[in-house]
Amino acid sequence: MTEKPQLKHYGEILEQLKTYFPVPVSNPIMDGYFVHTISNFLDYVDKLKSTAPLLGGQQKIHYELSFKERFPEKMSSVEQVIKLLVNYCQGTMICAHPNTQVNVIPPSTIPSITATIAGAIYNPNIISDEYSAYFAEAEIQSIAMLSDLIGYDPELAGGFFTFGGTGTILYGCKLAIEKLFEGKAMKEGIREDIKIVASELSHYSRLNVAGWLGVGTDNLIAIPTTSDNQMSLIALEEYLRRAFESGEKVAAILATLGTTDAFGLDDLAGIVTLRNNLAKEFNLKHPPHIHADAVIGWAWLVFKDYDFANNPLCFEAQTLQAIQLSLKYISSLNLADSLGIDFHKTGYAPYICSAFLTKNRNDLSLISRKPQQMPYLYQWGQYHPGIYTLESSRQGSTALAALANIRLLGKEGYRVLIGHIVAMAQILRRKLENYSFIQVLNANNYGPVTLFRVYPKNINALEEFQRELKDPGYQKQLLEYNRYNRCLFDCIHERTMRGQGVLLSWTDLYQHTDYSKNTSISAFKSFIISPWTDLKALDLVVEQIVLGCQEVCCV
Ligand SMILES: *Cc1c(COP(=O)(O)O)cnc(C)c1O
């Protein structure tokens, strides 16, 4: 005989369940419980911190066991689940850690985290101000302040927050397509081949964008880059001339300002001039739309009106020069027809926090739906971005987190954060260049990222690297050096995980060789983004490389 189940009226459980949520009406005791819960969580996580740049050290992950997880029958408690969450934080990289130089993943400021919590509690949906009230205003104000920073006319420019840098590129290309087809592609689809042009070092999200928009990745044109990782204007002109002469349709040119691996900067002003001249020459009715992928480089704009002569923040001469050389290209962002900004990269905000801006907000009418197509929305209120966004629901906290950081840091704070990471990267380069067996690869890119390649101690790196680039007969040796670098990287990585080094990252493809698209040169990558990165951490990077070279495992 099976036992009779114990009966419990659901109302009793409901009372308990209410304690799982923040209270909707004022109740300081329950608010105290909420704060206490978060505070407990922070205490637990704090215990996971060490000299290693990870919470709780490296984790061995067993996905096989994960597949065996089944949906639980019973409720759990807030306390139990909070402890469970702490387990899931283990092994996570601490991006603010002085010993982290991994990628463009920033620590978030306290106000931007608070904005994110506000959004998490109240779920303001900026599909329309009917649901999000002043969160919608935060979006409008953030876009206005960013337009001002860029040099767009805030009265004419438009924009909104979206799902990542990838989303900004998607919007840029979608606008480009609709401009080309006068707004008809939305309804009729794309009925012919059109091209999207970008540098070969532009972010791979272009592949998603071309694929998902129905352009097709075969219609992506990759323009070769110079040794400074910049799109070759000569090659771009050659391609565009050929395209226009043969009647090919070019919807968009993507200019990257701050490539992900090397901080390469495309010559946006040059690209715009070229587009304008060719549009005239070929009498183009719809010249290509130019979208600037500035998701990393935008933050340098805070230096546009810095007093470089008096240098009130006392940056070193070398830092000033590096910033000015980057600004030479970044300050032209106002010339782009649209652009993308990631606050979750060089803006020091939590994921996902990306802004898409267009110089001319009227362009958004090309991607707008009619309100009649969304009958249950837009009954009151005045700001309805849901009419033109791809997303339906959008989290209002993203706009608020961006606004929080803009207000918190201003140009002054961003200058210090960006200035510091550039200064640190400059010093790291100088330190690495002291060793004849280390080759800094992106020497003429002046951002926070340094790519370098290491050779055995008796080797002259510069000569060897030149040969690797140019000599097809040297391919076998090149692959051997790739292996050597990877081995060294793995040794250092392993040591770092034990708390004895700086966490770096790796790129399989820094550059192709001059002679073949199939031979890639791999490299170490240091991306400095933390305000806690200091000289000690830089010394540690050099030390671990030099020490690693002496180890037998990689000979
Ligand atoms: C990171 C990055 C992207 C993609 O942005 P997500 O926010 O990751 O979607 C696009 N372009 C560049 C240059 C990037 O560095």
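Here the structure is a predicted model, which means the values were calculated and not measured. We number each residue from 1, following the sequence as shown. Remember, it's 1-based here, ligands and their atoms both numbered in the order they're listed.
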Considering heavy atoms of the protein only, find what lies nearest to [atom] and give residue, atom and distance to 0.1 Å.
{"atom": "atom 2 (C) of ligand 1", "result": "Lys345 NZ, 2.3 Å"}
{"atom": "atom 4 (C) of ligand 1", "result": "His203 CE1, 3.5 Å"}
{"atom": "atom 6 (P) of ligand 1", "result": "Gly165 N, 3.2 Å"}
{"atom": "atom 15 (O) of ligand 1", "result": "Thr260 OG1, 2.8 Å"}

Just jot down the ligand 1 atoms closer than 4.0 angstrom to any heavy atom of Ile296, in number order.
15 (O)
Which atoms of ligand 1 sit under 4.0 Å from any heavy atom of Gly258?
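Close to Gly258: 13 (C).
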Test applied, side-chain contact (heavy atoms from CB on, under 4.5 Å); reference residue, Pro224; option that passes from Glu200, His512, Met231
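With Pro224 as partner, side-chain contact (heavy atoms from CB on, under 4.5 Å) holds for just one option, Glu200.
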Test Thr533 against every option in Ile421, Leu428, Val541, Leu538 by the side-chain contact (heavy atoms from CB on, under 4.5 Å) rule and name the one that passes.
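Going through the options one by one, the only one that passes is Leu538.
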Counting N and O atoms only, with roles assigned by atom type, does the side chain of Arg415 sit under 3.5 Å from a partner on the main chain of Val302, one being a donor and the other an acceptor?
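Judged by distance alone, yes, a pair lies under 3.5 Å.
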Side-chain heavy atoms of Tyr510 within contact of Asn229, under 4.5 Å
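Tyr510 reaches Asn229 side chain to side chain.
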Students often mix this up, so state it plainly: with edges at 30° and 60°, are the rings of Phe303 and Tyr306 parallel, tilted or perpendicular?
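Aromatic pair Phe303/Tyr306 classed perpendicular.
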Mind checking whether His344 has an N or O less than 3.5 Å away from an N or O of ligand 1?
yes
Does an N or O anywhere in Gly164 fall below 3.5 Å from an N or O of ligand 1?
no
Would you kindly say whether [X] and [Y] are connected by a side-chain donor-acceptor distance under 3.5 Å?
{"X": "Ser199", "Y": "Gln230", "result": "no"}
{"X": "Thr109", "Y": "Ser112", "result": "yes"}
{"X": "Ser522", "Y": "Asp508", "result": "no"}

Note: Thr166, heavy atoms under 4.0 Å from ligand 1, region reported as both
Ligand 1 contact on Asp342 by region, counting heavy-atom pairs under 4.0 Å
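Asp342 to ligand 1: side-chain contact only, backbone stays beyond 4.0 Å.
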Say whether Asp293 and ligand 1 are in contact under the criterion: heavy-atom distance to a ligand atom below 4.0 Å.
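Per 4.0 Å heavy-atom rule, Asp293 contacts ligand 1.
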